[in-house]
Amino acid sequence: MPLSAVQNTFTGNPLDRVSDRRGDAAWIAERLADPGSSAVALWRGAPLVTDAEGAPRLSRLPLALAVDAAVRPAEDLLFLGMGRGSAVFALDLQGEVDPTAGLLHGRGRFQDLRSLATVLSAEEAAVAATAKHVFEWQNRHRFCSACGHRSDPADAGWKRICPSCRAEHFPRTDPVVIMLPVHGDRCLLGRNAAWPPNRFSALAGFLEPGESLEEACARELKEEAGLETLSVAYHSSQPWPYPSSLMVGLIAEVSSEQATPDQTELAEVRWLGRDEARAVLAGGHEIHTPPPLAIAHQLLRTWAA
Ligand SMILES: [Zn+2]
């Protein structure tokens, strides 16, 4: 499929990551010293935004201010890439006190990324999601998983190296298969046991070691709904920085409509025809599905069309 066939929320980061230059400390130091460089900021995963023409935009801090605000500049500044000829970094802030009450006073407000996801431009939402994903990893993996020693940041925030055993650690991405089962002219949505009575979505689960995406899809549909998968078609994927997932959207043809919810993860299922699916997407049905920012919504939309 064309690269831009489906533009899920959190895709479309416009920056050139220049990943081959991250390890060049002299080049990164030049970018850090360049007055044209800027930084976006996140406090506990929430991006700093200001309102421009009635809509939030990521605040761009002068890099000198970002360096001042960083508690540990080597650790808390991430090189995101080059945009319009200048470097863009991200600043990670973690303290208890809202930084806009101090050094970042007057620079905007911190707002949860979920609530921003569809009001920021797609490009800015993707930039913020990228920074959040790397910072989530940095904050959860400060110690070497091989020997337990504290590791050091490297490659402008994209790697950690253990000074004791020299093991190298990279940001993790955890694949999740999320699939819409279909049979004939109907598709199936499920309700998770923890959800309210009217909320339904596609079925999902983490990929396990030693599995292909197709095998994970078939296993999850068998375990959760008792369905036999006949074929699997790839739809699209979506970075999901909560904290480090990649949602892989699939449409799965199953052998029958005999679904048996496992009653632990899946409480209830509904088979929908295309007209019903369109009504659900339009908000004119008794059941509700996730909003357009979720890949489950896009899977249903593609199938219903
Ligand atoms: Zn180590």
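Counting from 1, the numbers follow the sequence of the chain as shown. Just so you know, ligand 1 is whichever comes first in the structure, and atom 1 is the first atom listed for that ligand. Only a predicted model underlies this, so the values are computations on that prediction, with no experimental measurement involved.
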For atom CZ of Arg84, is the number of surrounding heavy atoms from other residues, nucleotides or ligands below 6.0 Å larger than 12? no
Can you give the angle Cys165 SG - the Zn ion (ligand 1) - Cys144 SG, rounded to 10°? 110°
Step by step, work out the salt bridge (charged side-chain N to carboxylate O under 4.0 Å, His left out) result for Arg109 and Asp51. CA-CA 9 Å; Arg109 66 177 185 282; Asp51 290 312; 2.9 Å; yes
Kindly report the SG-the Zn ion (ligand 1)-SG angle for Cys162 and Cys147 respectively, rounded to 10°. 100°
Looking only at side chains, do Ser151 and His169 share a donor and an acceptor under 3.5 Å apart? no
Give a yes or no on whether His149 keeps an N, O or S atom under 2.8 Å from the Zn ion (ligand 1). no
More than 12 non-hydrogen atoms from neighbouring residues, nucleotides or ligands closer than 6.0 Å to CZ on Arg150, yes or no? yes
